[in-house]
Each structure stands twice: as structure tokens, then as C-alpha cells.
2 protein chains.
Amino acid sequence: MPTPTLLVLDAEPLPRLGRLTGHARIEHTDATGLAAHLPRADVLLVWDFTSRAVRDAWPGEGPRPRWVHTASAGVDHLMCPELAASDTVVTNARGIFDQPIAEYVAALVLAMAKDLPRTLELQRERTWRHRESHKIAGTRAVVVGSGPIGRAIAHTLGALGITTALVGRSARSGVHGPEDLDRLLARADWVIAAAPLTDETQGMFDARRFGLMQPSARFVNIGRGQLVVEDALAEALAKRWIAGAALDVFEAEPLPSDSPLWQAPDLIVSPHMSGDTIGWRDELGAQFVELFEQWVAGEPLKNVVDKQRGYVPGH
Amino acid sequence: MPTPTLLVLDAEPLPRLGRLTGHARIEHTDATGLAAHLPRADVLLVWDFTSRAVRDAWPGEGPRPRWVHTASAGVDHLMCPELAASDTVVTNARGIFDQPIAEYVAALVLAMAKDLPRTLELQRERTWRHRESHKIAGTRAVVVGSGPIGRAIAHTLGALGITTALVGRSARSGVHGPEDLDRLLARADWVIAAAPLTDETQGMFDARRFGLMQPSARFVNIGRGQLVVEDALAEALAKRWIAGAALDVFEAEPLPSDSPLWQAPDLIVSPHMSGDTIGWRDELGAQFVELFEQWVAGEPLKNVVDKQRGYVPGH
């Protein structure tokens with residue numbers, strides 16, 4: 001096999017692919033150069049996973065990469081009908097983010113239960129004001145999304161004594177199907193959105209679903225911003241349909257500075273950082289290098305995305 | 001047995017002792033009336049556990065309560081040589097606060113690991129700034145204090161994947177003795193103070209011990225303020241000897257508004273609330289009623305404090 005051409009979608013050269021020296025001809029491009037580079041690449045590494053350039057630049061016909069890897073769990077930013085219809089294999093960064101995101105969700109749940117944002121506000125005002133807070137052991141959570149991230153979240157919340165139900169695309173052992181979702185939402189203390197963005201999940205957290213939740217319920221989204229109808233969430237918070245929320249992902253990222261979400265009552269806004277623990281870039285690089293070596297050796301690739309569904313199926 | 005007199009140290013009558021109607025003559029007093037009431041009381045319930053009035057008012061000789069119960073885990077606010085030397089039994093609220101405090105410590109650890117205070121600051125400024133945060137699984141904690149609260153903390157941190165060592169008054173199975181403390185501090189990512197306030201523990205977290213800790217270490221105190229030399233902690237934070245801290249208890253409570261601790265860098269200040277989840281007052285009341293019924297029936301009391309040591313010994 002001749003030395004394959006690896007095209008990296010990222011504005012800057014990566015220091016993490018050194019092990020591929022001699023095994024790949026590595027080219028870099030930013031979004032504007034992508035369409036011109038794609039036809040001569042064997043492999044595309046989508047390192048800048050915030051870019052939606054692949055959807056625009058993917059060639060309808062003619063030469064194109066045989067394999068696309070994205071350094072992210074979600075693939076919504078690159079999937080398009082032409083890529084889905086092609087024989088190009090798509091892989092993702094499954095596994096890297098599970099534990100960090102589970103910890104991040106636990107941090108948000110505990111911060112809300114223990115009224116930590118208010119504590120920090122009172123600290124700024126040098127005000128000592130004792131309050132009672134919530135015990136989380138014995139409360140109930142629903143995690144929507146039954147992939148490795150959702151399961152890691154359920155495991156971590158369970159370890160904290162929270163009774164946790166998982167909801168997936170279809171019912172299976174230990175996972176509820178969508179038909180149970182509304183019933184589970186109506187009795188949950190914590191609702192965690194951890195689903196991939198697909199046609200089925202887009203906008204699933206809308207006014208009707210926030211209306212089903214308990215006034216004491218709190219909502220967390222670490223999946224994709226488009227899972228949530230943001231205006232409906234802002235209204236649910238303003239009208240006290242639910243007690244609080246935390247968003248790490250948004251319809252538009254970065255969240256524009258004039259967005260009303262920054263100051264919505266009882267809402268924690270964080271900048272899409274839930275999975276990004278120190279060293280994450282190195283882990284993503286090492287994971288890709290390992291996949292690349294498998295691919296060159298002709299071995300079956302791990303983390304292959306079902307392009308119709310938009311995620312890696314199965315356990 | 002004639003109807004015993006129960007004296008409640010609290011400014012306001014308690015709505016939680018209804019079950020004792022007919023079984024006790026209940027009197028209330030505030031701190032100023034305590035000395036006058038004590039000689040005719042059979043039982044003293046220290047409901048206002050922030051008061052140090054018992055130390056001042058306890059009679060040196062003559063009639064006095066045969067039993068003192070405090071609605072708190074610590075007994076440092078009421079112990080004095082005369083009480084220690086007397087045959088009066090002292091009990092505490094052992095058990096009520098374990099799980100809430102363990103959750104609170106987990107909330108603080110996760111908030112610091114995930115840089116949540118900075119996230120909330122940036123939110124206030126409507127600024128989107130992605131940062132990397134810390135994974136907690138695989139990190140190391142030392143919990144100083146091996147009573148039920150310390151053990152609950154160790155259990156909860158362990159459930160989150162943190163390798164946790166307990167340090168107690170003396171080495172026993174699963175518990176390190178004080179001789180291991182400095183060595184454990186030097187390699188801990190998290191140091192949690194959960195010890196009772198005694199002659200041995202007063203001021204134990206001083207400049208020398210903060211100097212032993214790693215620059216990346218974070219310190220949490222949910223025990224008693226006097227465990228910590230506050231000036232030394234402020235200096236350790238200012239000089240970056242350690243990376244952060246969270247205090248829920250202080251030498252002086254409420255923390256005076258001119259205390260420099262309110263604005264110490266990387267310090268979370270909260271108002272002695274770690275154990276106080278919704279319903280805690282009812283739980284404390286129910287626990288006392290149960291103890292009272294045992295006492296009237298002549299059964300051995302639970303939660304009896306070793307007045308020399310200053311806590312309930314044993315597992």
C-alpha cells in the first residue's frame with residue numbers, strides 16, 4: 001500500500017501525530033481549503049470538531065477519503081446525505097469523554113443540590129446567610145441517551161445514591177424506550193440530556209416536556225444544544241416550571257454575548273467544556289493514531305459510526 | 001419516676017417535641033436564663049448548638065441535669081472541665097449529618113475540579129471561555145477524621161473513583177494513625193478536614209502542613225474552624241502553596257464581613273451549611289425524642305460522648 005495521504009482539518013499543525021511520521025503524508029487545511037484538498041486525501045481527520053465545513057465541502061462524486069475520523073463523540077457537524085450515502089467509513093472519539101462528562105454532570109447536579117451558585121454570590125457580597133440544601137441520595141434521575149456517555153453518567157449518579165433511569169432509541173435490557181420518557185420525566189428530580197443529535201432527538205426538550213417536569217426538577221444538557229428548544233427552557237425557568245438548569249452546549253456556540261440565556265434565572269452556563277479534562281487533546285491524538293495503524297494494517301476499525309443513525313450503535 | 005423536667009436551650013419554643021407531651025415538663029431558655037434554669041432541669045437539650053452558654057453556666061456543684069444532649073455532631077461548644085468531671089451523660093446527633101456532609105464535600109471537590117466558580121464568574125461577564133478541567137477519578141484524597149462523617153466522606157469520594165485514606169486518632173483497620181498524616185498530605189490531591197475539635201486537633205492545619213501539600217492540592221474544612229490556622233491558609237493560597245480551598249466552618253461564625261477570607265484567591269466560603277439538608281431540624285428533633293424515650297425507660301443511651309476525648313468513640 002502506498003503511503004496514504006492524511007488530511008487534517010485544523011488551522012494549525014498538530015504536534016500529536018508524530019508516530020505517523022513515515023507512515024502517512026500529512027496535510028493540513030482550514031475550512032476554506034477543505035474542498036480543494038479532499039479529493040486527494042485517503043483519510044480525513046476532523047480535528048477542529050467545531051467546524052461544519054465537511055458538510056459543505058464533501059464531494060458528491062469523484063475521489064474522496066475512504067475514511068473520516070472526528071475527534072469528537074458527536075458526528076452531527078459532519079454528516080450530510082452525500083457522506084451518508086457514500087462507502088466512506090466514519091469513526092468517532094467514543095470512549096474519551098465518558099468519564100469526564102459523567103464527573104461534570106455530577107458536579108452540576110451537586111452544585112445545584114447544594115445551592116453553590118448562590119453561595120458564591122453571597123461570598124462576593126461578604127454575606128453570611130445560612131440556607132438548607134438538598135440531599136441527593138434517594139432522588140431520581142433520567143438520563144436521555146444510552147450510549148457510553150449516558151451510561152457513564154448513570155453509573156456515576158448511581159454511585160452517589162441517585163436512582164437513575166436510562167432512555168435510549170429503543171427499549172432493551174437496562175434501557176427504557178422513548179415510550180417511557182414522558183412518564184419518567186414527570187417524576188424525575190434530575191433530567192440529563194446526553195443523546196446524540198439526530199432527526200429524532202432534535203428539539204426533544206420543548207415546552208411540552210418542560211411542562212411535564214416537576215417544579216422541583218433540574219435539567220442538564222451536555223449533549224448538543226439542538227436537543228433543547230432554548231426559548232422554551234428560558235420560559236420554563238422564568239415561570240418556575242422547573243427549579244433550575246445547566247447548559248454546557250447551545251444552538252449557537254460560542255453563545256452570543258447578547259443571548260438572554262447568560263442571565264436566565266437559576267441557569268448555569270458553561271462553554272462546552274464538560275468532556276475536556278487536561279490531556280484530552282493528547283488522548284484524542286493517541287486514539288486516532290491507534291485507529292490509523294489498524295486501518296493501515298487492514299484490521300477492522302473500532303468506533304465505526306452508523307451513518308444513518310448518527311452514532312456508534314450497540315453497547 | 002416523676003415527670004422529668006426538660007430544659008431546651010433555644011430562644012424559641014420547638015414545634016418538634018410534641019411526642020413528649022405528658023412525658024416531660026418542657027421549659028425553654030435563652031443563654032442569659034440558662035444558669036438560673038439549670039439546677040431544676042433533669043435533662044438539657046442544647047438545640048441552639050451555636051451557643052457556648054453551657055460552658056459558662058454549668059454549675060460547679062449542686063443540682064444539675066443528669067443528661068445533656070446537643071443537636072450537633074461536635075460537642076466542643078459545651079464541654080468544660082466541670083461537665084467533663086461530673087456524672088452527667090452527654091449525647092450528640094451522631095448519624096444525622098453523615099450523608100449530607102459527604103455529599104457537600106463531593107460537591108466542593110467536583111466544583112473545584114471542574115473550575116465551576118470561574119465558570120460562574122465568566123457567565124456573569126457574558127464571556128465564553130473554554131478551559132480544560134481536572135478528572136477526579138484516579139486522584140488521591142486524605143480525610144482527617146475517622147468518625148461516621150469522615151467515613152461517609154471517604155465512601156462517597158471512593159464511589160467517585162478517588163483513592164481515599166482515612167486518618168484517625170490512632171491506627172486501626174482501614175484507618176491511618178496521626179504518624180502517617182504528613183506523608184499522606186504530601187501526595188494528596190484533596191485534603192478534607194472532618195475531625196472533632198479537641199486539644200489534639202486544634203490548629204493542626206498550620207503553615208507547616210500547608211507547606212507539605214502539593215501545589216496542585218485543594219483543602220476542604222467541614223469540621224470546625226479551629227482545626228485550621230486561618231492566616232496560614234490565606235497565606236498558602238496567596239503564595240500558591242496549594243491550588244484552592246473551601247471552608248464551611250470558621251474560627252468566628254458568622255464570618256465577620258471584614259474578614260480577608262471572603263476574598264482570598266481560589267477559596268470558596270460557605271456559611272456552616274454542609275450538613276443542613278431540608279428536614280434536618282425535624283430529623284434532629286425526632287432523634288432526640290427517641291433518645292428521651294430510651295432514657296425515661298431506663299435503657300442504655302446511644303450516641304454517648306466520651307467526655308475526655310470529646311466525641312463518641314468506636315465504629
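Remember, it's a predicted structure, so these values are computed and weren't measured experimentally. Labels below follow one simple rule: chain letters A, B, ... track the order of the sequence lines, proteins then strands, and each chain is numbered from 1.
Within the 4.5 Å cutoff, side-chain heavy atoms of A/L237 are placed close to those of A/I242. Side-chain atoms of A/L261 and A/L255, non-hydrogen and from C-beta on, do get closer than 4.5 Å to each other. By the 4.5 Å heavy-atom criterion applied to side chains, B/F205 and B/L233 are not counted as neighbours. Side-chain contact between A/I268 and A/L247 is absent, with no heavy atoms from C-beta onward closer than 4.5 Å. Annotation: side chain of A/I222 is not in contact with side chain of A/V249 (no heavy-atom distance under 4.5 Å). Residues A/V228 and A/F219 are in side-chain contact: their nearest non-hydrogen atoms beyond the backbone lie under 4.5 Å apart.
Heavy-atom pairs under 4.5 Å with chain B peak, among A/A111, A/A106, A/A137, A/G161, at A/A137. Of all the listed residues (A/A159, A/P100, A/P254, A/A113), the one sharing the greatest number of non-hydrogen pairs under 4.5 Å with chain B is A/P254. The residue among A/L110, A/V109, A/L108 with the most heavy atom pairs within less than 4.5 Å of chain B is A/L110.
Residue B/L116 touches chain A through its side chain alone, counting heavy-atom pairs closer than 4.5 Å. Interface remark: B/L120 contributes side-chain atoms only to the contact with chain A (heavy atom separation under 4.5 Å). Using a 4.5 Å cut-off between heavy atoms, A/I278 contacts chain B through both its backbone and its side chain.
Atom-to-atom distance recorded for B/I149:CD1 and B/I96:CD1 is 10.5 Å, nearest 0.5 angstrom. Residue A/I153 holds its CD1 atom at 11.5 Å from CD1 of A/I162, rounded to the nearest 0.5 Å.
Here the closest non-hydrogen pair linking A/A71 and A/F49 is O-CD2, 3.3 Å.
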Interchain donor-acceptor contacts below 3.5 Å (chain B, chain A):
unit_1, atom_1, unit_2, atom_2, d
B/E103, OE1, A/K114, NZ, 3.0
B/E103, OE1, A/I136, N, 2.8
B/E103, OE2, A/I136, N, 3.2
B/E103, OE2, A/A137, N, 2.8
B/K114, NZ, A/E103, OE1, 3.0
B/Q123, OE1, A/V269, N, 3.0
B/Q123, NE2, A/W262, O, 3.1
B/Q123, NE2, A/L267, O, 2.8
B/R126, NH1, A/S257, O, 2.7
B/R126, NH1, A/S259, O, 3.1
B/R126, NH2, A/Q263, OE1, 3.1
B/H130, NE2, A/D276, OD2, 2.5
B/E132, OE2, A/W280, NE1, 2.8
B/S133, N, A/D276, O, 3.0
B/S133, O, A/I278, N, 2.7
B/I136, N, A/E103, OE1, 2.8
B/I136, N, A/E103, OE2, 3.2
B/A137, N, A/E103, OE2, 2.8
B/S257, O, A/R126, NH1, 2.6
B/S259, O, A/R126, NH1, 3.1
B/W262, O, A/Q123, NE2, 3.1
B/Q263, OE1, A/R126, NH2, 3.2
B/L267, O, A/Q123, NE2, 2.8
B/V269, N, A/Q123, OE1, 3.0
B/D276, O, A/S133, N, 3.0
B/D276, OD2, A/H130, NE2, 2.5
B/I278, N, A/S133, O, 2.7
B/W280, NE1, A/E132, OE2, 2.8

